[in-house]
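Some notes on the structure that comes next.
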Amino acid sequence: MDKLVSLAKRRGFVFQSSEIYGGLGSVWDYGPLGVELKKNIKERWWRSMVHERQDIEGLDAAILMHPKVWEASGHVAGFTDPLVDCKHCKNRFRADDPRIKGTPGQPDAQCPVCGSKGTLTAPRQFNLMFKTFMGPVEEQAAVIYLRPETAQGIYVNYLNVQQSSRQKIPFGIAQIGKAFRNEITPGNFIFRTREFEQMEMQFFVKPGTENEWFERWRAERMKWVEGLGIRAEKLRWHQHGKDELAHYAKDAYDIQYEFPFGWQEFEGIHNRTDFDLSNHQKYAGKKLDYLDPKTNERFVPYVVETSAGADRTTLVVLCDAYREEEVRGGEAAEDGGGEQRVVLKLKPSLAPLKAAVFPLVNKDGMPELAHRIHDDLRRHFNVFYDDGGSIGRRYRRQDEAGTPYGITIDGQSTQDQTVTVRDRDTLKQDRVAADKLVDYLTQKLAG
Ligand code: ATP
């Protein structure tokens with residue numbers, strides 16, 4: 001993991017937030033390559049959820065919502081983690097922290113940081129929502145929350161969306177947006193952070209059909225995840241046991257990935273029943289039922305949710321793509337870049353940069369042609385120009401960035417207007433006519 005974190009910084013994927021001030025706990029910034037990678041993942045999700053389907057509409061609800069939303073949703077009362085404090089060193093832990101020996105609150109419990117015995121308090125519930133104040137007066141009546149999930153913005157708008165788009169149940173609403181949780185044991189890079197992005201879809205169905213839709217969405221979501229190019233043996237399902245289920249869920253499955261720190265969830269499929277809509281109906285005093293135009297029945301829909309973290313999915317993609325390899329034969333010998341390489345084998349359509357353009361040397365007409373090709377390509381793709389250092393070094397830098405194609409303009413290019421295109425994974429080189437590059441790359445980047 002440390003190697004991935006340092007590559008992420010070196011190549012401009014992810015930086016620690018406020019680094020010059022020593023960093024802010026578990027908050028991260030996306031650099032030039034990271035923002036492209038995450039955007040490509042989000043766009044892929046949006047395309048498959050919203051554009052390619054007739055039965056899902058998009059939404060972008062505000063982060064700040066009426067405080068009653070979070071009472072109705074159960075987050076004020078129930079979105080908590082049990083915590084214990086050490087009275088000696090003042091550190092705070094989740095009660096289920098595996099490093100704690102003994103029972104917190106009892107004399108046998110030992111603090112995992114200072115090692116004192118009997119200093120850990122009994123567990124107390126700690127709410128994970130960030131609070132702030134709306135307006136100039138910092139008083140209880142002005143308290144509002146930063147949303148801990150995007151789903152509630154969808155529930156409170158579901159009739160607005162349904163009526164304006166003339167959708168009929170079953171239909172869904174999809175949203176990508178920021179969420180905030182004051183996590184107690186955050187960590188593992190961008191796996192668990194206090195500010196993150198979710199890609200959530202709520203599918204509204206007729207009561208009684210939710211199990212069938214639940215299974216359909218499980219299959220759909222796994223197919224999408226596999227489409228990111230993730231190795232199948234690194235993916236598995238985990239069904240929540242009774243003690244794991246969130247306060248709103250009747251059934252839940254996580255898609256887990258085998259991270260360097262173990263199997264962990266990065267997407268959940270939840271049967272949320274009519275829990276949220278019924279509670280909003282109660283708290284808001286507004287009817288949220290749906291009139292079925294065919295049968296004239298009225299009902300509060302059941303909801304099947306698919307909830308993925310954009311940051312965690314980005315981490316899955318990065319972890320799965322990271323390889324250290326021996327380079328043998330031609331390239332190792334010819335380019336002087338060394339025989340070891342670190343390469344991100346990202347699916348080409350997800351890669352931040354699609355190609356890099358290299359003039360072999362900075363003379364003999366090569367830079368002029370290379371600039372022309374670069375200008376031409378960047379109207380179609382995100383491409384990079386690099387004329388610094390040996391060609392081997394330049395290849396290695398792009399390997400680390402996950403750039404799938406390296407286009408080299410050499411002596412022959414200025415004679416016959418052809419270039420070499422090096423494939424990041426096979427290291428094979430094709431000779432391609434410069435004016436056919438757009439077609440060549442378009443074909444390679446499909447999928
Ligand atoms: P965990 O127990 O791992 O914190 P959760 O079960 O609370 O996750 P959900 O509430 O189901 O997670 O959220 C759905 C998705 O949102 C998760 O699968 C994950 O990808 C993402 N997510 C949740 N919390 C965080 C966080 N603190 N940092 C980054 N992503 C998160």
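Whatever order the structure lists ligands and atoms in, that order sets their numbers, starting from 1.
At a threshold of 4.0 Å, the pair Asp423-Lys428 does not count as salt-bridged, since none of the basic side-chain nitrogens sits closer than that to a carboxylate oxygen. Between Asp55 and Arg53 there is a salt bridge, with a side-chain nitrogen of the basic residue lying less than 4.0 Å from a carboxylate oxygen of the acidic one. A salt bridge is absent between Glu43 and Arg47; no separation between the charged side-chain nitrogens and carboxylate oxygens falls under 4.0 Å. Using a cut-off of 4.0 Å between Lys/Arg side-chain N and Asp/Glu carboxylate O, Glu305 and Arg272 are scored as salt-bridged.
Within the 4.0 Å heavy-atom criterion, the part of Arg181 lying near ligand 1 is the side chain and not the backbone. By the criterion of a heavy-atom distance under 4.0 Å, the side chain of His270, and not its backbone, is placed next to ligand 1. Contacts between Glu267 and ligand 1 below 4.0 angstrom, taking non-hydrogen atoms only, involve the backbone exclusively.
Some N or O of Glu183 is nearer than 3.5 Å to an N or O of ligand 1, by distance alone. When only interatomic distances are considered, the shortest N/O to N/O separation between Ile190 and ligand 1 does not fall below 3.5 Å. Distances between N or O atoms of Gln198 and those of ligand 1 include at least one value under 3.5 Å.
The closest approach between a heavy atom of Asp311 and any atom of ligand 1 is not below 4.0 Å.
The distance from the CH2 atom of Trp45 to the CE atom of Met201 is 7.5 Å, given to the nearest 0.5 Å. If you take OH on Tyr395 and CZ on Arg422, they are separated by 6.0 Å, rounding to the nearest 0.5 Å.
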